[in-house]
Amino acid sequence: MQTVFDGKSLITAKMIAGSLRRGKLEHHGEEFENARVELALILHATHQQIEQRKDPAEIIRRLMSYLNATRSKVHPDVWQALIPVVQNHPVLEYFLEDPLTRWSFSKPRGYSGDAELLDYIYCDPHVAETVANASEIGKALYTHTQDVPSCVAARERRDLLTRYVDETATKTGPQTEVLAIAAGHLREANRSAALAEGRLKRWVALDQDPQSVGLIARDFQGTAVEAIDGSVRTVLTRGHKLGKFDLIYASGLYDYLAHNVAVKLTKTCLQMLKPNGTFLFANYAEGNPDAGYRETFMDWVLLLRSEVDMWNIVNASVDRNAVDAQVFFGENRNVLYAVIEKRG
């Protein structure tokens with residue numbers, strides 16, 4: 001089943017490209033040619049290491065370092081032009097033996113960053129058989145890719161969400177209501193003591209991917225979890241009468257939202273909070289050291305944000321006299337969090 005991110009969700013490839021491309025490549029012709037030659041040498045050296053049967057983990061470690069250095073020093077327009085140079089190189093097939101890289105690049109569900117990809121990042125039992133059936137090279141590459149900083153940060157993010165749900169349930173009692181927007185497979189619920197102990201009234205999991213919605217409905221049948229098919233636009237237009245919540249969070253969605261859409265969504269979510277309720281959104285941070293590999297070999301582009309960017313969303317969305325807000329880094333500083341608490 002293919003799920004296309006179109007106007008229904010407001011997450012489009014065109015939107016992301018528009019957010020990233022700032023000018024015309026001809027303005028950077030010399031820089032592009034120099035970078036292309038340097039990149040060709042890097043890829044050639046990588047190809048030689050592959051032919052010499054060097055350790056896959058060492059090959060990918062070096063390549064990630066080179067790609068990140070290149071991405072960091074060239075103009076964003078130049079980097080965007082270099083991505084297809086990498087993706088058309090013969091070494092791509094080697095790295096696609098990694099189950100995580102292959103799933104991201106091939107996009108079986110039709111879009112980047114889907115819930116199944118997160119299962120590979122989480123090392124979830126759901127994908128254990130696929131990993132076990134990978135080639136020896138693929139397994140060795142996965143051993144490295146699953147532990148790059150962005151993947152470590154994603155697992156930290158999952159655990160932080162669980163903690164927020166459980167702390168909210170402790171604070172507000174058995175009538176606690178939680179909303180997860182773009183919930184994926186809702187893996188944070190697997191670790192929630194509040195859910196396991198029946199201390200939640202409801203945990204609404206909203207996602208536009210019918211496969212994710214179906215999996216949540218199956219895995220959490222008989223619990224407080226309610227799986228609902230819906231998109232960003234559903235939330236913005238109040239397409240579902242979802243009610244009010246003690247905690248609303250969007251953990252991986254803002255990585256794909258332009259500033260104006262992020263502000264609209266934040267405003268809407270704050271309106272859906274109960275008094276003293278909390279809204280949390282997360283975003284991968286600028287300076288992520290594996291972004292070069294992710295954007296090329298994984299074909300997975302995110303809108304990385306700074307602390308200033310996060311505050312700009314917050315400040316454009318709220319009356320600071322009516323809320324308490326904070327922006328902070330996760331433990332390994334690859335994900336930023338904004339937490340807005342509505343005053344009673």
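Heads up: numbering here begins at 1 and tracks the sequence. Hydrogens, waters and symmetry mates are skipped; everything else that's a heavy atom, side chains included, is used. None of the values given here were measured: they were computed from a predicted structure.
Salt bridge present: D147 and R155 bring a charged side-chain N and a carboxylate O closer than 4.0 Å. We find that R202 and E177 are joined by a salt bridge, their nearest charged nitrogen and carboxylate oxygen being less than 4.0 Å apart.
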Q) Taking it one step at a time, do L118 and R187 satisfy side chain to side chain contact (heavy atoms under 4.5 Å, CB included)? A) CA-CA 9 Å; L118 287 177; R187 295 302 184 195; over 6 Å; no
Q.
For a side chain to side chain contact (heavy atoms under 4.5 Å, CB included) check, start with the C-alpha distance between F32 and H75, then their side-chain angles and the critical distance, and finish with the verdict.
A. CA-CA 9 Å; F32 170 73; H75 190 278; over 6 Å; no
Q: Check the pair S150, D290 against side chain to side chain donor-acceptor pair (under 3.5 Å), reporting the backbone distance first and the verdict last.
A: CA-CA 7 Å; S150 63; D290 46 275; 2.4 Å; yes
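Residue V74 comes nearest to V78 through the heavy atom pair CB-CG1, 3.9 Å, listed as atom of the first residue, atom of the second, then distance. Of all heavy-atom pairs between R102 and T130, the closest is NH2-CG2, 4.2 Å. Smallest separation of non-hydrogen atoms from E156 and E331: OE1-N, 3.4 Å. Taking every heavy atom of both residues into account, C269 and I248 meet most closely at O-CD1, 3.4 Å. Counting all heavy atoms, side chain and backbone alike, E188 lies closest to T162 at O-OG1, 2.8 Å. Among all heavy-atom pairs drawn from D98 and L141, the shortest one is CB-CB, 3.7 Å.
One finds the CD atom of E38 at 5.0 Å from the OG1 atom of T70 (value rounded to the nearest 0.5 Å). The distance from the CE atom of M298 to the CG atom of L96 is 10.5 Å, given to the nearest 0.5 Å. Between atom OG1 of residue T234 and atom CG of residue D207 there is a gap of 10.5 Å, rounded to the nearest 0.5 Å. Here CZ of R53 is found 10.5 Å from CD1 of I59. Values are rounded to the nearest 0.5 Å. Note that CG of L160 is 8.5 Å distant from CD of E167, once rounded to the nearest 0.5 Å. Between the NZ atom of K274 and the CD atom of Q175 there is a distance of 7.0 Å, given to the nearest 0.5 Å.
Checked by atom type and distance alone, the side chain of K342 never pairs as donor or acceptor with a backbone atom of A322 at under 3.5 Å. Checking side-chain atoms of K244 against main-chain N and O of G277 turns up no donor-acceptor pair under 3.5 Å.
The ring-ring contact (aromatic ring centres under 6.0 Å, His included) search around Y254 returns F281, not counting sequence neighbours. Contacts of R333 classified as side chain to side chain donor-acceptor pair (under 3.5 Å), with partners at least two apart in sequence or in another chain: none. Annotation: ring-ring contact (aromatic ring centres under 6.0 Å, His included) contacts of F245 (sequence neighbours excluded): none. Contacts of F328 classified as ring-ring contact (aromatic ring centres under 6.0 Å, His included), with partners at least two apart in sequence or in another chain: Y337.
The number of heavy-atom neighbours closer than 6.0 Å to NZ of K139, taken from other residues, nucleotides and ligands shown, is above 12. Around atom CD of E129, no more than 12 heavy atoms belonging to other residues, nucleotides or ligands sit under 6.0 Å away.
With hydrophobic clusters built from ILVMFWY side chains whose heavy atoms lie under 4.5 angstrom apart, L336 does not share a cluster with V152. Cluster membership check: L67 shares its hydrophobic cluster with M64, using side-chain heavy-atom separations under 4.5 Å among Ile, Leu, Val, Met, Phe, Trp and Tyr. Linking Ile, Leu, Val, Met, Phe, Trp and Tyr whenever their side-chain heavy atoms come within less than 4.5 Å leaves L215 and V204 in two separate clusters.
Listed by first and then second residue, the side chain to side chain donor-acceptor pair (under 3.5 Å) pairs that reach into residues 213-225 come to none, sequence neighbours excluded. Listed by first and then second residue, the ring-ring contact (aromatic ring centres under 6.0 Å, His included) pairs that reach into residues 140-170 come to none, sequence neighbours excluded.
Of the candidates W79, F95, F105, T296 forms a side-chain contact (heavy atoms from CB on, under 4.5 Å) with just one, namely W79. With Q49 as the fixed residue, the side-chain contact (heavy atoms from CB on, under 4.5 Å) test singles out one of H44, E58, K54: K54. Considering T101, N68, T145 as possible partners of Y293, the one that fulfils the side chain to side chain donor-acceptor pair (under 3.5 Å) test is T101.
For the residue pair D309 and S306, a side-chain donor N or O sits within less than 3.5 Å of a side-chain acceptor on the partner. Counted by atom type alone, N312 and H259 present zero donor-acceptor pairs between their side chains at under 3.5 Å. In summary, the side chains of D246 and T176 do not present any donor paired with an acceptor at a separation below 3.5 Å, with no hydrogens or angles considered.
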